[in-house]
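Hydrogens, waters and symmetry mates are skipped; everything else that's a heavy atom, side chains included, is used. Values in this document were obtained by computation on a predicted structure and should not be read as measured data.
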Amino acid sequence: MSDSAPRRVRVRAPELIGKGGWLNTGERQYTLADLRGRIVILDFWTFCCINCLHVLDELRELEEKHRDTVVVIGVHSPKFVHEAEHTAVVDAVERYGVEHPVLDDPELATWKQYAVRAWPTLVVIDPEGYVVAQHAGEGHVHAIERLVEELEAEHAAKGTLRRGDGPYVAPEPEPTVLRFPGKALVLPSGNFLVSDTTRHQLVELAADGESVVRRIGSGKRGFQDGTAAAASFNEPQGLALLDEGEGAVVVADTVNHALRRLDLVTGEVTTLAGTGRQWMQADATSGPAREVNLSSPWDVAHWNGKVWIAMAGIHQLWAYDPEGGTVAVTAGTTNEGLVDGPGDEAWFAQPSGLAATPDKLWLADSETSALRWVGLDGAVRTAVGTGLFDFGHRDGAAEQALLQHPLGVTALPDGSVAVSDTYNHALRRYDPATGEVTTLATDLREPSDAVLVGEDIVVVESARHRLTRLRLPEEAVKVASVAHRTQRAATEVTPGELRLDVIFQAPAGQKLDLRYGPSTRLLVSATPPELLLGGEGEGAGTDLSRTLRLDPAVGEGVLHVSAMAASCDDDPDNAYPACHVHQQDWGVPVRLVEGGTDRLPLVLAGMDPDQREH
């Protein structure tokens, strides 16, 4: 709905103030007086809000077309506690490709001055500094563009329009392998496929979770099918294997409002569903997949013979039928909130993560900070969470536990569920058997997804631009652990002695930190413990190489390896060099066979010489 002020009302625009300061301006601070003579559009947004993200995309064309007369100013006005953190706003501005100045207003000072009541809200200020329009919600940019054209003509005639370059200053790009990755998938090969969201690509990483095997997509925003190099995506997120002999992946191409198909053998990208246009009220809710509009699909999961879609943009679940080539709504009314019941009566709020088990489809309902599930009867139920504005970090009984804007969910082998509790920077666990919520790990910067690898869980640390491997607690893997291990092929090793080498090379300009004793640590254990006859060094040691003795009578198991190395800047003139801790845990399934390898290299940092040969 639009809440527009008539243009005849002359209201002086309040000043722009925000304790967090300005972003995308080269550190310059602005006042409205600095912008006099330009048409200013204030975009009141918060980065958790899917409607706000839609408006960012709507504004791109207008900004480009009227770049010499219009200045868009994003006023970031947080809903969640995490969104009031300045570093989180800095991350969000880069993550979503915001190419205009942003005022960080953590205390909602400017929000209150403009009497804003909803996310998103757009306010138009004329070149003389008067508010001439205000719109709440999305879908108003076409109307605003007409108003802009009228203001351009009016103020050009009056001599009050000032043309020229705007105040936007692009930040320097960061040379990380991944940039705000969204979701991950373990491929049949044991490699990882990661949606490199901000760079509009998919990246295949080797089993170490770091080495790049290949990139799929041109790296530019677009909606084009074709080869791995020519195809283009627009902020892709969710990934799932298709039932096609495990040779293809379905991709939630979020900002293109589409599902794409990646052929893992050829790298060819095609479109499965969606038109590239955003679904609006009164559009079709079922039909041929290529003819029906979608809205910000955020995640996908294969369940019950279909690919289920977390349709974050309209607070629903949809499903794609690979056999019939159709899509249809499966749950949700498009109303935003938390209401359980039959699928066609349930309410969601930006479902953003999916995980399938034989009898349940688990989902992270981000805006209600909830963990919910769909049963085989089609009904929706809530495990954790109470509503749109109840959030926090609290363990305990599910009815009183709290999450904060979770984006990912992962089914664990014992029937429990791991939740990527994004704004709490934590990995949480819900156990249906006990009804309890616990915390598995903290200090994970905006985790957005996680996948199982052996007895480990690999977390997508989106705001640290990496995959992070963690050891699952014993209680989370004690049931069906063997079946769980089969998700990753075992390494065939020779019975008897096995050389374990953890490869670490200090980054350029750094050296091992020896000031306080050994700078490395290596811990080795096994499941079952009987697998190791010797060489574990009583569990710990400082040498990153070890000769292990494996019992051929055991046959197979998992080697648990935890390595740490500390390095510091190698600058003799600096009395206080910056130091860094590099740490990694591995769970390596092994099978003892004659003729197997007698060396197991694991890369902590650097590159193993044997790998270079391949």
Side-chain angles (χ1 to χ4, degrees), residues 46 48-54 79-80 118-119 137-138 182-183 237-238 240 252 254 257 259 278-281 283 285-286 292-301 303-304 306-320 327-357 360-391 398 402-411 417 419-423 430 448-449:
T46 187
C48 72
C49 165
I50 192 66
N51 310 93
C52 299
L53 302 186
H54 289 166
K79 169 189 172 181
F80 288 98
W119 296 280
E138 58 180 291
K183 304 289 185 180
Q237 287 280 350
T254 304
H257 311 294
L259 299 186
Q278 182 184 341
W279 186 95
M280 297 294 178
Q281 292 290 342
D283 283 356
T285 56
S286 64
V292 178
N293 296 337
L294 309 181
S295 181
S296 298
W298 207 275
D299 202 8
V300 284
W303 187 61
N304 236 5
K306 296 181 180 179
V307 176
W308 284 62
I309 310 165
M311 203 72 79
I314 46 177
H315 319 298
Q316 289 183 314
L317 300 180
W318 288 42
Y320 165 71
V327 291
V329 175
T330 52
T333 64
T334 75
N335 293 322
E336 184 177 14
L338 193 154
V339 176
D340 288 345
D344 59 356
E345 299 176 10
W347 291 21
F348 300 100
Q350 290 179 215
S352 301
L354 300 175
T357 65
K360 292 182 178 68
L361 180 72
W362 293 95
L363 65 107
D365 203 29
S366 63
E367 277 293 283
T368 55
S369 298
L371 172 65
R372 308 176 73 186
W373 55 278
V374 181
L376 294 174
D377 59 359
V380 179
R381 299 170 178 85
T382 298
V384 182
T386 57
L388 282 165
F389 298 99
D390 300 320
F391 55 88
L402 294 174
L403 309 170
Q404 187 181 179
H405 199 79
L407 290 178
V409 60
T410 308
V417 180
V419 180
S420 295
D421 194 5
T422 309
Y423 288 3
Y430 167 68
S448 56
D449 195 21

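Across Leu259 and Ala252, no two heavy atoms sit closer than the pair CD2-CA, 4.1 Å. When all heavy atoms of Asp344 and Thr333 are compared, the closest pair comes out as O-CG2, 3.5 Å. Nearest approach of Gln281 to Thr334, heavy atoms of both residues: NE2-OG1, 3.2 Å. Residue Pro406 comes nearest to Ala364 through the heavy atom pair O-CB, 3.7 Å, listed as atom of the first residue, atom of the second, then distance. Taking both residues in full, the closest heavy atoms of Trp303 and Ala356 are given as CD1-CB, 3.6 Å, listed atom of the first, atom of the second, then distance. Residue Gly353 comes nearest to Asp299 through the heavy atom pair CA-OD2, 3.4 Å, listed as atom of the first residue, atom of the second, then distance.
Counting heavy atoms from C-beta on, the side chains of Leu363 and Trp308 never come closer than 4.5 Å. A heavy-atom distance below 4.5 Å is found between the side chains of Leu294 and Met311. A heavy-atom distance below 4.5 Å is not found between the side chains of Trp373 and Thr357.
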(message) side chain to side chain contact (heavy atoms under 4.5 Å, CB included), that's the test. Do Asn293 and Gln278 meet it? Break it down for me.
(response) CA-CA 6 Å; Asn293 296 337; Gln278 182 184 341; over 6 Å; no
(message) Applying side chain to side chain contact (heavy atoms under 4.5 Å, CB included) to Leu354 and Leu361, what does each step give before you reach the verdict?
(response) CA-CA 7 Å; Leu354 300 175; Leu361 180 72; 4.3 Å; yes
(request) Would you sort out whether Val380 and Phe348 count as a side chain to side chain contact (heavy atoms under 4.5 Å, CB included), showing the intermediate values? (result) CA-CA 10 Å; Val380 179; Phe348 300 100; 3.7 Å; yes
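In this structure, the separation between OG on Ser369 and CZ on Phe389 is 10.5 Å, given to the nearest 0.5 Å. Rounding to the nearest 0.5 Å places CG of Leu407 at 6.5 Å from OH of Tyr423. Atom OG of residue Ser352 and atom CD of residue Glu367 lie 8.0 Å apart, to the nearest 0.5 angstrom. The distance from the NE2 atom of His405 to the CZ atom of Phe391 is 11.0 Å, given to the nearest 0.5 Å. Note that CG of Asp449 is 5.5 Å distant from OG1 of Thr410, once rounded to the nearest 0.5 Å. Note that OG of Ser366 is 8.0 Å distant from CD1 of Ile50, once rounded to the nearest 0.5 Å.
Pairs passing the salt bridge (charged side-chain N to carboxylate O under 4.0 Å, His left out) check and including a residue from residues 333-343, sequence neighbours excluded, read Asp340-Arg372.
Formation of a donor-acceptor pair under 3.5 Å by the Gln237 side chain with backbone atoms of Trp298 is not found in this model. One N or O on the side chain of Thr254 and one on the backbone of Pro297 form a donor-acceptor pair closer than 3.5 Å.
Residues passing the side chain to side chain donor-acceptor pair (under 3.5 Å) test with Trp362, sequence neighbours excluded: none. Not a single side chain to side chain donor-acceptor pair (under 3.5 Å) links His315 to another residue, sequence neighbours left out.
In the displayed structure, Lys360 atom NZ is contacted under 6.0 Å by more than 12 heavy atoms of other residues, nucleotides or ligands.
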